Amino acid sequence: MEEIMASNFIHDFIDEDLKSGVCSSVQTRFPPEPNGYLHIGHAKAICINFGTAKKYGGICNLRLDDTNPQKEDMEYVDAIKEDIEWLGFKWDKCLYASSYFDFIYECAIKLIKNSKAYVDDLTAEEIRQHRGTLTEPGKNSPYRDRSVSENLDLFEKMTNGEYENGARVLRAKIDMASPNLNMRDPVIYRIAHITHHQTGDKWCVYPMYDFAHPLSDARENVTHSLCSLEFENHRPLYDWFLKELNIKNPPRQIEFARLNLNYCLTSKRKCLALVNEKIVDGWDDPRMVTLSGMRRRGYPASAVRNFCEKIGVSKAYSVVDMGLLESCVRDELNESAERAMAVLRPLKVIIDNYPEGQTEEIEVDVHPNYPERGTRKVVFGREIFIERDDFMIEPVKKYFRFYKGSEVRLKSAYYATCTSYDTDENGEVTAIHCTYDPLTKGGNSPDGRKVKGTIHWVSAADSFRATVNLYDRLFDVPNPSDETERGFEENLNPNSLTVLNDCLIEGGLRNVKKSDVFQFMRQGYFCVDKFSTADNVIFNLTVALNSSWGKKE
RNA sequence: UGGGGUGUCGUCAAGUGGUAAGACACAGCACUUUGACUGCUGCAUUCGUAGGUUCAAAUCCUGCCACCCCAGCCA
């Protein structure tokens with residue numbers, strides 16, 4: 001992984017800081033809260049944080065931002081680590097905000113001693129009422145001017161577990177009239193009698209994000225704290241804490257626009273609903289844009305990284321086209337995936353002039369663009385199967401596959417001409433009959449005659465039945481979060497999953513391993529699903545091939 | 001009607017006073033034993049908008065418009 005991140009406005013700031021001597025090296029961090037699974041939006045943040053550190057020869061730590069035990073769980077920290085590693089990044093250290101609880105607590109004491117923080121007895125509702133509104137200033141809490149000693153005493157009692165959840169909070173004493181609501185005496189510690197997944201029952205007071213984050217960054221010597229745009233309003237508060245606590249070489253927070261992708265969902269709440277209501281098959285359902293979902297779908301990590309590089313970094317609100325992600329996946333897989341032939345919706349072909357009971361082996365390139373990668377053997381015989389789409393009773397214009405009288409090339413095998421077809425009582429085509437030209441073995445005609453169409457096939461003699469999951473986008477509207485009428489579930493694409501049980505795959509793929517990826521020629525890229533077994537091989541459609549056929553229809 | 005941000009092609013996005021990169025998408029042509037890949041061509045006289053400064057403005061100034069974020073003891 002030698003990619004060097006392209007420059008962006010964040011790097012411009014860093015260049016300035018380096019030049020002016022504000023810092024002499026660069027350190028970033030990726031700070032997810034372990035309360036859900038990582039998705040494509042996190043991938044952008046991961047690439048930016050790790051990519052920036054790498055570009056400047058600096059350090060990037062993973063920091064689990066676990067200051068709210070109520071929502072967090074070990075299950076998520078394990079999944080987060082696994083996903084980051086899969087994406088191809090290596091953290092310098094894996095850290096926890098919770099391991100700074102002592103330090104953060106001392107900082108709170110310091111603020112109290114400096115009369116910059118106070119214990120407030122107001123209820124949550126009262127605090128809300130005192131906060132004022134966007135256009136009206138707030139009112140001071142009646143407890144705002146408690147003495148230092150009383151605050152110290154009360155805060156100690158809070159941490160000793162003498163009060164119920166919500167009974168009191170510690171607030172920073174800033175300015176209840178600030179036009180920035182975050183500066184109106186924000187709560188910095190709350191009481192929560194709950195077991196923390198890292199610190200157990202050691203604490204019953206926990207710092208809020210706004211307090212813990214700048215201190216954690218400072219504690220780790222982060223130089224540039226990169227986060228998304230919604231924290232822009234928090235920056236004055238971030239800087240306030242660092243200044244009041246006299247932090248030397250304070251980290252600098254820089255915000256960038258988070259990633260939005262059309263036709264999919266990244267909201268934790270909504271994804272959880274999809275999982276809980278069993279609309280999808282878990283967090284790693286191949287239709288989800290979670291990292292685990294994309295992994296199971298067969299997206300190469302390098303494609304996801306490349307996508308993150310291509311979308312750039314800016315502060316403009318944007319919605320990136322899903323098509324760009326898919327393009328990155330095709331780009332990568334076109335280079336790496338071995339080719340194979342698979343017939344998803346089989347139609348039997350009988351080659352009437354091919355000797356009954358005879359078969360032959362044909363050598364085919366594993367990758368036509370790279371002959372040096374070798375060949376594989378496929379078996380040809382009298383009975384083969386082709387895609388139902390590759391035959392039409394009444395061909396439409398510019399259709400150059402099979403129809404009565406047409407000659408096409410059976411990929412790598414022979415030219416064949418369709419002579420007739422059989423139907424059942426419903427008029428459904430059950431088989432087609434062809435004659436082949438023995439002189440065209442390998443797919444070339446000695447007399448130089450050309451055919452327009454080349455189609456893939458598998459032989460009845462050497463193919464096996466498999467299940468193929470055809471995936472399409474989960475939602476059929478560009479912005480599924482836009483719940484105009486009913487919930488987002490109204491925007492689900494009813495055809496996001498098509499399960500095909502009678503697909504026929506070329507014999508050589510009988511012993512595939514989980515997560516192997518192939519290009520099924522003329523169709524798309526497919527990977528072996530995690531539930532695949534030797535008896536029932538399951539392929540997932542990773543992404544379909546581009547096609548200029550039928551586009552105008 | 002407070003504060004903080006953002007507006008450059010259908011979608012992302014370069015551009016930092018010298019006359020609009022690139023990618024995806026789209027269209028066309030060529031090549032092709034994948035209607036794939038690849039190659040070539042086309043695709044913003046214009047940068048939210050109206051003025052102003054300048055020899056010269058997407059870039060500087062002023063007004064206006066649109067959109068996003070903030071009133072959790074969430075992050």
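Convention: sequence-line order gives letters A, B, ...; per-chain numbering from 1. Keep in mind the model is a prediction, meaning the values are calculated, not measured.
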Practice task
Could you tell me whether the side-chain ring of A:Trp549 sits stacked on the base of B:G35, using a centroid cut-off under 5.5 Å and a plane angle under 30°?
Solution key: yes
Exercise for the section: Decide yes or no, distance alone: a donor-acceptor N/O pair under 3.5 angstrom between the base of B:G35 and the side-chain of A:Arg401. Expected result: yes
Exercise for the section: Please check the phosphate of B:C69 (OP1 and OP2 only) for any side-chain N or O of A:Arg235 closer than 4.0 Å. Expected result: no
Problem - Lys/Arg N to Asp/Glu carboxylate O, A:Arg146 vs A:Asp120, below 4.0 Å - result: no
Exercise for the section: Specify the residue among A:Asn8 and A:Thr135 whose closest nucleotide of RNA chain B lies further upstream toward the 5′ end. Expected result: A:Thr135
Exercise for the section: Ignoring backbone atoms, test whether A:Thr454 places a side-chain nitrogen or oxygen under 4.0 Å from the OP1 or OP2 oxygen of B:U34. Expected result: no
Problem - Electrostatic pair A:Arg258-A:Glu230, nearest N-O below 4.0 angstrom - result: yes
Fill in the blank from the handout: Quick note, A:Met208 side chain, CB onward, closest among B:G72, B:G4, B:U34 is B:G72
Handout entry: A:Arg131 side chain near B:G72 phosphate (N/O to OP1/OP2, under 4.0 Å)
Key = yes
Exercise for the section: Ignoring backbone atoms, test whether A:Arg190 places a side-chain nitrogen or oxygen under 4.0 Å from the OP1 or OP2 oxygen of B:C74. Expected result: yes
Problem - Phosphate OP1/OP2 of B:A75: any A:Thr67 side-chain N/O under 4.0 Å - result: yes
Handout entry: Polar pair under 3.5 Å, donor/acceptor by atom type, side chain A:His130, base B:A71
Key = no
Problem - A:Ser7 side chain near B:A14 phosphate (N/O to OP1/OP2, under 4.0 Å) - result: no
Practice task
Give a yes or no on this: more than 12 heavy atoms of other residues, nucleotides or ligands lie within 6.0 Å of atom CD of A:Gln70.
Solution key: no
Handout entry: Any donor-acceptor pair under 3.5 Å from A:Asn165 side chain to A:His193 backbone
Key = yes
Fill in the blank from the handout: Side-chain contact check for A:Asn334: nearest option of B:U34, B:C37, B:C74 is B:C37
Exercise for the section: Select one nucleotide: of B:A36, B:G3, B:A71, the one nearest the side-chain heavy atoms of A:Pro179. Expected result: B:G3
Exercise for the section: Check whether any side-chain N or O of A:Asn546 sits under 4.0 Å from OP1 or OP2 of B:G35, and answer yes or no. Expected result: no
Exercise for the section: Test for a donor-acceptor pair under 3.5 Å between the base of B:U34 and the side chain of A:Gln519, counting only N and O atoms. Expected result: yes
Problem - C1'-based separation of B:C29 from B:G51 [nearest Å] - result: 46 Å
Fill in the blank from the handout: Of the listed B:A75, B:G35, B:C73, the closest approach to the A:Asp65 side chain comes from B:A75
Practice task
Please state whether the phosphate of B:A36, meaning OP1 or OP2, lies under 4.0 angstrom from any side-chain nitrogen or oxygen of A:Arg330.
Solution key: no
Problem - Side chain of A:Arg522 (C-beta onward), nearest among B:G35, B:A71, B:G5 - result: B:G35
Completion exercise
Regarding B:G72, purine or pyrimidine glycosidic angle vs 90° from 0 gives syn
Practice task
Mark yes or no for a side-chain to base donor-acceptor pair under 3.5 Å between A:Asn233 and B:G3, with no hydrogen or angle criteria applied.
Solution key: yes
